[in-house]
Amino acid sequence: MTDAELANLLSDCLVVWGVEGRIVAADDGIVVRATGTSCTVARAGPERRPARWLLQTESRAASGRPPQAASSITGLLGGLRSALGADAPGPGLDVVDPESDGPP
(Lines give C-alpha, C1' and ligand atoms only; values in the text may rest on other atoms or scores of the structure.)
Protein backbone atom coordinates (compact mmCIF):
# COMPACT_ATOMS: atom_id res chain seq x y z
CA MET A 1 0.00 0.00 0.00
CA THR A 2 1.45 3.34 -1.02
CA ASP A 3 1.22 6.46 1.12
CA ALA A 4 -1.30 7.92 -1.34
CA GLU A 5 -3.46 4.79 -1.10
CA LEU A 6 -3.27 4.89 2.70
CA ALA A 7 -4.22 8.58 2.74
CA ASN A 8 -7.21 7.85 0.49
CA LEU A 9 -8.28 4.95 2.71
CA LEU A 10 -8.05 7.12 5.83
CA SER A 11 -10.03 9.87 4.13
CA ASP A 12 -12.74 7.40 3.14
CA CYS A 13 -12.83 6.05 6.71
CA LEU A 14 -13.48 9.53 8.09
CA VAL A 15 -16.51 9.80 5.80
CA VAL A 16 -17.82 6.35 6.75
CA TRP A 17 -17.30 7.03 10.46
CA GLY A 18 -19.00 10.42 10.22
CA VAL A 19 -15.91 12.25 11.48
CA GLU A 20 -15.22 15.79 10.28
CA GLY A 21 -11.52 15.89 9.55
CA ARG A 22 -8.78 15.94 7.01
CA ILE A 23 -5.70 13.98 6.06
CA VAL A 24 -2.34 15.73 5.75
CA ALA A 25 0.93 14.23 4.52
CA ALA A 26 3.85 14.83 6.90
CA ASP A 27 7.53 13.90 7.03
CA ASP A 28 6.91 11.32 9.75
CA GLY A 29 3.73 9.79 8.33
CA ILE A 30 0.15 10.85 7.70
CA VAL A 31 -1.58 13.20 10.10
CA VAL A 32 -5.30 12.74 10.68
CA ARG A 33 -6.80 15.99 11.97
CA ALA A 34 -10.29 15.90 13.40
CA THR A 35 -12.28 18.13 15.68
CA GLY A 36 -10.53 18.25 19.02
CA THR A 37 -7.66 15.88 18.25
CA SER A 38 -5.09 14.68 15.78
CA CYS A 39 -3.21 11.43 15.25
CA THR A 40 -0.20 10.40 13.23
CA VAL A 41 -0.11 7.16 11.26
CA ALA A 42 3.34 5.88 10.27
CA ARG A 43 4.86 2.72 8.92
CA ALA A 44 6.70 0.62 11.49
CA GLY A 45 10.37 0.00 10.81
CA PRO A 46 11.78 -3.50 10.49
CA GLU A 47 12.89 -3.43 14.12
CA ARG A 48 9.20 -3.28 15.16
CA ARG A 49 8.10 -6.39 13.26
CA PRO A 50 5.56 -7.98 13.36
CA ALA A 51 4.01 -4.52 13.76
CA ARG A 52 3.39 -2.84 10.41
CA TRP A 53 1.81 0.43 11.53
CA LEU A 54 2.28 2.94 14.34
CA LEU A 55 -0.48 5.20 15.62
CA GLN A 56 0.53 8.15 17.76
CA THR A 57 -2.27 10.09 19.45
CA GLU A 58 -2.01 13.45 21.16
CA SER A 59 -2.71 11.88 24.55
CA ARG A 60 -0.03 9.18 24.12
CA ALA A 61 2.52 11.77 22.99
CA ALA A 62 1.65 14.14 25.87
CA SER A 63 2.16 11.36 28.41
CA GLY A 64 5.47 10.29 26.84
CA ARG A 65 4.12 6.94 25.69
CA PRO A 66 5.31 5.39 22.42
CA PRO A 67 2.96 5.01 19.48
CA GLN A 68 0.46 2.18 19.52
CA ALA A 69 1.67 -0.65 17.26
CA ALA A 70 -0.68 -2.49 14.91
CA SER A 71 0.18 -5.60 12.94
CA SER A 72 -2.65 -5.16 10.43
CA ILE A 73 -4.55 -2.42 8.68
CA THR A 74 -7.65 -3.59 10.54
CA GLY A 75 -5.92 -3.06 13.87
CA LEU A 76 -4.69 0.36 12.77
CA LEU A 77 -8.15 1.49 11.66
CA GLY A 78 -9.76 0.21 14.87
CA GLY A 79 -7.24 2.11 16.97
CA LEU A 80 -7.67 5.25 14.89
CA ARG A 81 -11.46 5.09 15.07
CA SER A 82 -11.28 4.74 18.82
CA ALA A 83 -8.76 7.59 19.15
CA LEU A 84 -11.00 9.88 17.11
CA GLY A 85 -14.02 9.01 19.23
CA ALA A 86 -16.04 7.78 16.27
CA ASP A 87 -19.31 6.11 17.13
CA ALA A 88 -19.50 2.35 17.21
CA PRO A 89 -20.51 0.86 13.88
CA GLY A 90 -24.19 0.47 13.14
CA PRO A 91 -26.00 -2.78 12.61
CA GLY A 92 -24.35 -5.31 10.34
CA LEU A 93 -25.37 -5.98 6.80
CA ASP A 94 -27.69 -8.81 5.88
CA VAL A 95 -26.93 -10.76 2.75
CA VAL A 96 -30.16 -11.56 0.97
CA ASP A 97 -30.58 -14.10 -1.77
CA PRO A 98 -32.35 -12.22 -4.58
CA GLU A 99 -34.32 -15.37 -5.42
CA SER A 100 -35.72 -15.71 -1.91
CA ASP A 101 -38.57 -13.82 -0.30
CA GLY A 102 -36.48 -12.23 2.45
CA PRO A 103 -33.59 -12.59 4.88
CA PRO A 104 -32.42 -16.13 5.64
Side-chain angles (χ1 to χ4, degrees):
M1 175 177 291
T2 67
D3 287 348
E5 290 169 331
L6 178 59
N8 287 335
L9 174 63
L10 297 176
S11 181
D12 289 346
C13 287
L14 293 181
V15 173
V16 170
W17 298 335
V19 173
E20 292 289 327
R22 57 183 228 178
I23 307 302
V24 180
D27 290 337
D28 58 345
I30 297 172
V31 178
V32 180
R33 292 193 178 132
T35 305
T37 193
S38 68
C39 303
T40 302
V41 173
R43 295 178 190 279
E47 72 282 357
R48 297 292 303 259
R49 298 288 185 226
R52 297 190 59 197
W53 307 100
L54 300 174
L55 173 63
Q56 183 62 287
T57 63
E58 287 180 341
S59 60
R60 288 181 78 88
S63 65
R65 295 171 56 202
Q68 174 183 340
S71 60
S72 68
I73 195 70
T74 304
L76 170 67
L77 296 178
L80 179 61
R81 195 171 117 245
S82 176
L84 297 176
D87 291 333
L93 298 175
D94 289 328
V95 177
V96 178
D97 181 353
E99 297 179 12
S100 73
D101 293 331

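Start at 1 with the first residue, then count along the sequence.
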Enumerate, atom names and distances included, each donor-acceptor pair closer than 3.5 Å involving a side-chain atom of residues 4-26, sequence neighbours excluded.
unit_1, atom_1, unit_2, atom_2, d
Glu5, OE1, Thr2, N, 2.8
Glu5, OE1, Thr2, OG1, 3.4
Asn8, ND2, Ala4, O, 3.3

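Taking Thr37 as the reference, Glu58, Leu84 meet the side-chain contact (heavy atoms from CB on, under 4.5 Å) condition, with sequence neighbours excluded. Partners of Thr57 according to the side-chain contact (heavy atoms from CB on, under 4.5 Å) rule, which considers only residues two or more places apart in sequence or in another chain, are Cys39, Leu55, Ser59, Arg60, Ala83.
Listed here is the closest heavy atom pair of Ala51 and Ala44: O-CB, 3.4 Å. Looking at every heavy atom in both residues, Arg48 comes nearest to Pro67 through NH2-O, 4.2 Å.
Rounding to the nearest 0.5 Å gives a distance of 12.0 Å between CG of Leu54 and CZ of Arg52. Atoms CD1 and CG, from Ile73 and Leu76 in turn, are 4.5 Å apart once rounded to the nearest 0.5 Å.
Linking Ile, Leu, Val, Met, Phe, Trp and Tyr whenever their side-chain heavy atoms come within less than 4.5 Å leaves Val31 and Met1 in two separate clusters.
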